[in-house]
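Contents: one structure, followed by commentary.
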Amino acid sequence: MSYLLTTLTKKHQVDSIIRDTIDKVLVLRFGRSSDSVCLQLDDILSKSARDVSKFATVALVDIDSEDTQVYVKYFDITLIPSTIFFFNAHHMKMDSGTADHTKWIGAFHKKQDFIDVVEAIFRGAMKGKLIVNCPLPPERIPKYQLLYKDV
């Protein structure tokens, strides 16, 4: 389903979509089109894109592209898929009870989960917030373990 969504492979494409998306949430999925979990998330994103089109734009970023490595390093994309949210070129964060508030790691369980998260981010952004609380119950939030090296 990733062929239904805009795929960004160049740094200037990512720069321009972040800069040019005004008064909408920008959802950037960092991952690979060959990964099974990324494909599961792409399916949910493509099915939801029309439902959230009034207040969100969805795009995919290929992490294997040499040109996008600056963003992969900047956002510390170590686990895929990682979904990052922006509003008016501001990085939106979400407190989902995990150690990392800067991105959503993993796939959403259902289409409605994704819609609820994007809507919560949009409502928070319209109130001027840069971090919002996750509207999903804890059992529907993907769990992962962060390992710190040389701490």
Counting C-beta onward and ignoring hydrogens, is there a side-chain heavy-atom pair between [X] and [Y] closer than 4.5 Å?
| X | Y | result |
| --- | --- | --- |
| Phe87 | Met92 | yes |
| Asp51 | Lys111 | yes |
| Arg29 | Asp42 | yes |
| Leu26 | Ile18 | yes |
| Asp62 | Ser33 | no |
| Ile80 | Cys38 | yes |

With sequence neighbours left out, write down each residue that passes side chain to side chain contact (heavy atoms under 4.5 Å, CB included) with [X], or none if nothing qualifies.
| X | value |
| --- | --- |
| Ala120 | Pro135 |
| Thr68 | Val14, Val61, Ser65 |
| Arg19 | Asp15, Ser16 |

[X]-[Y] co-clustered via ILVMFWY side chain contacts under 4.5 Å:
| X | Y | value |
| --- | --- | --- |
| Val25 | Trp104 | yes |
| Ile17 | Ile77 | yes |
| Phe122 | Met94 | yes |

Looking at Ile121, Leu5, Thr83, which one forms a side-chain contact (heavy atoms from CB on, under 4.5 Å) with Val27?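 The side-chain contact (heavy atoms from CB on, under 4.5 Å) with Val27 is passed solely by Thr83 among Ile121, Leu5, Thr83.
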
Leu28, Leu45, Leu41 screened by side-chain contact (heavy atoms from CB on, under 4.5 Å) with Leu60, the one that passes: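 Exactly one candidate clears the test, Leu45.
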
Below 3.5 Å, can you tabulate the donor-acceptor pairs from side chains in residues 125-133 to any protein atom, sequence neighbours excluded?
none

With no hydrogens and no angle check, is any side-chain donor or acceptor of Asn88 less than 3.5 Å from a backbone partner on His90?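 Between the backbone of His90 and the side chain of Asn88 there is no qualifying donor-acceptor contact (under 3.5 Å).
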
Is there a donor-acceptor contact under 3.5 Å from the side chain of Gln69 to the main chain of Ile63?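 A pair under 3.5 Å: yes.
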
Out of curiosity, [X] [atom1] to [Y] [atom2], how far, rounded to the nearest 0.5 Å?
| X | Y | atom1 | atom2 | answer |
| --- | --- | --- | --- | --- |
| Thr102 | Ile105 | OG1 | CD1 | 7.0 Å |
| Lys73 | Thr78 | NZ | OG1 | 13.0 Å |
| Gln112 | Glu119 | CD | CD | 8.0 Å |
| Arg140 | Ser96 | CZ | OG | 13.5 Å |

Please work out which of the three classes, parallel, tilted or perpendicular, describes the rings of Phe114 and Phe108, given edges at 30° and 60°.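 Plane angle over 60°, so perpendicular.
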
Tell me which pairs pass ring-ring contact (aromatic ring centres under 6.0 Å, His included) where either residue lies in residues 64-85, with sequence neighbours left out.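 Matches after skipping sequence neighbours: Phe75-Phe86, Phe75-His91.
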
For the pair Lys103 and Asp100, find out whether any cationic side-chain nitrogen is under 4.0 Å from an anionic carboxylate oxygen.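 Result for this pair is yes, salt bridge flagged.
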
Does a side-chain N-to-carboxylate-O contact under 4.0 Å join Lys11 and Asp67?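 A salt bridge is absent here (no side-chain N lies under 4.0 Å from a carboxylate O).
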
Taking CD in Glu66 as the centre, count heavy atoms belonging to other residues, nucleotides or ligands within less than 6.0 Å. Is the count above 12?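 Open.
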
So does Arg123 have more than 12 non-hydrogen atoms from other groups sitting under 6.0 Å from CZ?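 Atom CZ in Arg123 is not crowded, with 12 or fewer foreign heavy atoms closer than 6.0 Å.
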
Salt bridge (Lys or Arg N to Asp or Glu O under 4.0 Å) partners for Asp64, two or more places apart: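 Asp64 satisfies salt bridge (Lys or Arg N to Asp or Glu O under 4.0 Å) with Arg32 only.
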
Considering non-hydrogen atoms only, spot the tightest contact between Glu139 and His109 and give its length.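 Residues Glu139 and His109, closest heavy atoms: O-NE2, 4.2 Å.
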
